[in-house]
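Before any comments, here is the structure.
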Amino acid sequence: MNSMKRALRAGMIVVAAAALFSLGCSVDGAELFQKEGCVNCHRYKGVGGSICPDLTDVSKRRSDEWIRQQIRDSSVNFPDSTMPGFGHLSDKEIQAIIDYLKS
């Protein structure tokens with residue numbers, strides 16, 4: 001009986017740890033859009049800067065891969081771009097921004 005209780009307790013700990021891990025790993029694209037300063041230059045749904053393209057419908061005009069590349073290093077798509085690269089962002093973070101731009 002003791003070993004059964006220990007196994008059950010260990011299983012519950014694993015499930016709780018997995019739940020906490022998944023909650024802690026969620027990435028909020030809207031928060032990143034703010035935190036990384038995208039909103040300072042780009043307008044999205046009527047909010048933000050106006051010195052760079054409005055991104056409200058960007059996902060209708062460009063593919064996810066194009067947007068991903070633009071975020072990582074805009075000079076690949078536009079050699080004279082003044083947009084800084086965001087290569088420090090993880091794939092998950094970039095995808096969160098793309099998902100936000102599709103919302």
Side-chain angles (χ1 to χ4, degrees):
M1 187 71 164
N2 254 351
S3 62
M4 185 179 276
K5 283 183 178 178
R6 275 183 272 161
L8 182 58
R9 188 175 307 161
M12 290 170 54
I13 290 170
V14 168
V15 168
L20 286 173
F21 179 77
S22 68
L23 287 175
C25 288
S26 70
V27 180
D28 184 334
E31 184 179 306
L32 279 169
F33 194 80
Q34 291 283 329
K35 181 181 147 216
E36 294 297 325
C38 309
V39 71
N40 295 332
C41 299
H42 293 281
R43 182 172 300 279
Y44 181 67
K45 293 185 177 180
V47 176
S50 59
I51 61 172
C52 294
D54 186 322
L55 299 179
T56 301
D57 292 321
V58 70
S59 65
K60 293 178 183 174
R61 299 185 310 267
R62 304 290 188 176
S63 69
D64 284 11
E65 188 52 43
W66 189 96
I67 297 169
R68 187 173 292 106
Q69 183 58 60
Q70 186 69 11
I71 293 169
R72 279 195 185 112
D73 180 5
S74 66
S75 69
V76 171
N77 295 323
F78 298 107
D80 295 330
S81 177
T82 58
M83 179 176 153
F86 293 87
H88 64 278
L89 295 176
S90 70
D91 290 341
K92 188 174 184 176
E93 290 170 318
I94 291 173
Q95 188 59 52
I97 292 172
I98 293 169
D99 292 344
Y100 170 64
L101 293 173
K102 289 178 160 185
S103 67

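From a predicted model like this one, the values you see are computed outputs, not experimental measurements.
- Side chain of D57 to main chain of K60: no donor-acceptor pair is present (N/O by atom type, distance under 3.5 Å, no hydrogens or angles).
- Atom NZ of K35 sits about 7.5 Å away from atom CG of L89, to the nearest 0.5 Å.
- Contact between S59 and K102 at its shortest, heavy atoms only, is CB-CG, 3.6 Å.
- For the pair Y100 and A30, the tightest heavy-atom approach, listed with the atom from each and the gap, is CE1-CB, 3.4 Å.
- Across all their heavy atoms, R43 and D54 have their closest contact at O-OD1, 3.2 Å.
- Test R62, M83, Q69 against N77 for side chain to side chain contact (heavy atoms under 4.5 Å, CB included) and you get one pass: Q69.
- In this structure, S103 and K45 approach most closely via the heavy-atom pair O-NZ, 2.6 Å.
- With rounding to the nearest 0.5 angstrom, the CG atom of D64 is 7.5 Å from the CG atom of D99.
- Each of I51, L55, V58 was checked for a side chain to side chain contact (heavy atoms under 4.5 Å, CB included) with H42, and the lone residue meeting it is L55.
- Between L32 and A96, the closest heavy-atom pair is CD1-CB, 4.4 Å.
- Relative ring orientation between F78 and W66 is described as perpendicular, the plane-to-plane angle rising above 60° on a 0-90° scale split at 30° and 60°.
- The CD atom of E36 sits 10.0 Å away from the CD1 atom of I71 when rounded to the nearest 0.5 Å.
- Legend: salt bridge (Lys or Arg N to Asp or Glu O under 4.0 Å) pairs involving residues 68-85, not counting sequence neighbours, sorted by first then second residue: E65-R68, R72-D91.
- Between L101 and F33 the shortest heavy-atom distance is CD2-CE1, 4.0 Å.
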